[in-house]
Amino acid sequence: MKYPMPIFGTWSRAGVALLVVLGGVTGGCGGGVQVIREGPDSGVVRYLYKGDDGHLYSSKREEAFDRIREFCGGPYRMLKEGKTKGRQRVVEGMGGTEVVTEDWWGIQFQCTK
């Protein structure tokens, strides 16, 4: 059975399970780099960056390209990139409550083997 994913097409149960596991691993500790498979040789990698520093200067950008090279096992081409949907979360601490906004940058790619 296939499950529709409004942004990235249709995925099998195994694909959805893998995304949930990857999301838990990378998203549970404040984020990092996530790879989302769109097809056998394509996908989207997204990474967390601070709005003040910009996406080009994020330490996660190089890690994102490493993950693309690992996924493709060789050459690839970037199809498009841009800001992706982030999230806001409420952090409560001794100093009070603060709303934290996360900024994510996405790179859609195609392997070119």
Side-chain angles (χ1 to χ4, degrees):
M1 176 179 254
K2 301 263 181 178
Y3 294 96
M5 299 295 279
I7 296 175
F8 302 109
T10 57
W11 288 42
S12 67
R13 281 185 194 201
V16 172
L18 178 62
L19 180 61
V20 169
V21 169
L22 286 176
V25 169
T26 60
C29 297
V33 177
Q34 299 174 340
V35 178
I36 302 163
R37 178 184 294 268
E38 288 187 313
D41 60 351
S42 63
V44 173
V45 65
R46 60 184 225 141
Y47 61 90
L48 187 61
Y49 72 97
K50 294 187 189 233
D52 298 340
D53 297 337
H55 68 280
L56 290 175
Y57 301 108
S58 170
S59 61
K60 299 293 182 188
R61 187 170 176 84
E62 189 57 39
E63 183 180 343
F65 286 117
D66 289 343
R67 298 284 294 275
I68 294 172
R69 284 188 287 273
E70 180 181 311
F71 179 94
C72 290
Y76 62 90
R77 65 184 163 112
M78 291 174 34
L79 302 176
K80 64 181 171 177
E81 66 176 312
K83 188 171 182 175
T84 64
K85 189 172 183 177
R87 71 175 180 158
Q88 289 186 334
R89 56 190 170 93
V90 177
V91 178
E92 294 186 33
M94 293 178 59
T97 302
E98 179 183 2
V99 176
V100 176
T101 302
E102 293 180 346
D103 294 318
W104 288 84
W105 192 259
I107 303 169
Q108 185 179 31
F109 65 91
Q110 174 79 43
C111 303
T112 58
K113 296 180 191 179

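Computed over heavy atoms, backbone and side chain alike; hydrogens, waters and symmetry mates excluded. Heads up: numbering here begins at 1 and tracks the sequence.
For Cys72 against Pro75, the heavy-atom pair with the smallest separation is CB-O, 3.9 Å. Of all heavy-atom pairs between Thr84 and Arg46, the closest is OG1-NH1, 3.6 Å. Pairing each heavy atom of Leu48 with each of Lys60, the nearest pair is O-CG, 3.6 Å. Here the shortest heavy-atom pairing between Gln110 and Ser42 reads OE1-CB, 3.6 Å.
Sorted by first and then second residue, the pairs that involve residues 74-83 and meet salt bridge (charged side-chain N to carboxylate O under 4.0 Å, His left out), not counting sequence neighbours, are Arg61-Glu81, Lys83-Asp103.
Aromatic ring centroids of Phe71 and Phe109 lie under 6.0 Å apart.
The aromatic rings of Tyr49 and His55 sit perpendicular to each other, their planes meeting at more than 60°, with 30° as the lower class boundary.
Under a hydrophobic-cluster definition in which Ile, Leu, Val, Met, Phe, Trp and Tyr are linked whenever side-chain heavy atoms come within less than 4.5 Å, directly or via other members, Trp104 and Leu79 are assigned to different clusters.
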Task: Full working for side-chain contact (heavy atoms from CB on, under 4.5 Å) between Val91 and Arg89 - done: CA-CA 6 Å; Val91 178; Arg89 56 190 170 93; 3.6 Å; yes
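A donor-acceptor contact shorter than 3.5 Å is absent between the side chain of Tyr47 and the backbone of Ile107.
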